[in-house]
Amino acid sequence: MGDKSKQTKVEEAVSTKKEFSEGDLAVYPAHGVGCIESIESKEINGDTMNFYMMKIVENGMVIMIPTSNVESVGLREVIPKTEVPEVYKVMQEKAQGADNQTWNRRYREYMDKIKTGSIYDVAEVFRDLFQLKLEKDLSFGERKLLDTAQNLLVQELSTAKDIDEKLMMQEIEDLFN
């Protein structure tokens with residue numbers, strides 16, 4: 001019986017954590033930081049559903065996210081400033097031995113990690129590709145993936161630390177020097 005109350009508390013914590021309000025900043029996997037511009041009700045196939053209207057900061061794209069699907073799409077809050085050093089630690093670790101894989105297998109694995117929306121997974125992709133780039137030429141797809149991971153990292157970390165993206169990029173570069 002104790003397990004059931006523990007599970008209910010976990011579910012409550014998860015459900016309260018995943019609710020956003022207008023003006024909140026959030027991270028949408030593979031797209032980056034966006035602002036919840038509004039919460040709108042729309043009728044679809046006779047059912048009324050609520051949607052977060054989220055505008056991605058980097059490119060202005062607007063995404064409609066059903067409020068009931070927040071967890072399944074991976075929408076989450078920007079990490080707190082206190083977690084930034086943990087992300088730095090991930091970036092400073094030695095790359096996982098992906099060198100012996102073909103570039104397209106690496107690419108698929110890295111793309112899957114980016115799609116999780118986890119800042120730690122994105123940091124791993126960035127670290128691995130950045131270190132691999134120092135050893136050999138990256139394929140076109142890997143270069144694009146490195147840019148994507150870098151942009152996602154810079155966006156979220158600069159938002160978390162409330163600093164300019166150029167300063168954030170300099171901090172990341174300093175980690176590797």
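When reading the values below, keep in mind they use all heavy atoms of this one structure, side chains included, and skip hydrogens, waters and symmetry mates.
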In chain order, what residues pass the salt bridge (charged side-chain N to carboxylate O under 4.0 Å, His left out) check against K89, with sequence neighbours excluded? E86
Taking salt bridge (charged side-chain N to carboxylate O under 4.0 Å, His left out) as the definition, give me every residue that meets it alongside K133, ordered by chain and number, with sequence neighbours left out. none
Taking every non-hydrogen atom, the tightest pair across Q150 and M169: NE2-SD, 3.4 Å
Spacing of CG belonging to L129 relative to CZ belonging to R106, to within rounding of 0.5 Å: 8.0 Å
Contacts of type side chain to side chain contact (heavy atoms under 4.5 Å, CB included), residue E22, not counting sequence neighbours: S38
Between F176 and F126, is the ring centroid distance below 6.0 Å? yes
With clusters defined by side-chain heavy atoms of hydrophobic residues (ILVMFWY) lying less than 4.5 Å apart, directly or transitively, does V125 cluster with L134? yes
hydrophobic_cluster_shared for V27 and M111, side chain cutoff 4.5 Å: no
Considering residues at least two apart in sequence or located in another chain, which fulfil the side chain to side chain donor-acceptor pair (under 3.5 Å) criterion with S139? E142
Nonpolar side-chain network containing V62, other nodes, edges under 4.5 Å: I44, M49, F51, M53, M64
Output side-chain donor-acceptor pairs under 3.5 Å for residues 157-165, partner residues at least two apart or in another chain, one line each.
residue : atom : partner : partner atom : Å
S158    : OG   : V154    : O            : 2.7
S158    : OG   : Q155    : O            : 3.1
T159    : OG1  : Q155    : O            : 2.7
K161    : NZ   : E171    : OE1          : 2.6
K161    : NZ   : E171    : OE2          : 2.9
D164    : OD2  : K166    : N            : 3.0

A quick test of your reading: do over 12 heavy atoms of other residues, nucleotides or ligands sit less than 6.0 Å from CG of D174? yes
Please check if the number of heavy atoms outside N45 that lie under 6.0 Å from its CG is greater than 12. no
side-chain contact (heavy atoms from CB on, under 4.5 Å) with M54: which of V33, L25, D24, I65? I65
Report yes or no: does R127 contribute a side-chain atom to a donor-acceptor pair with the main-chain N or O of V90 at less than 3.5 Å? yes
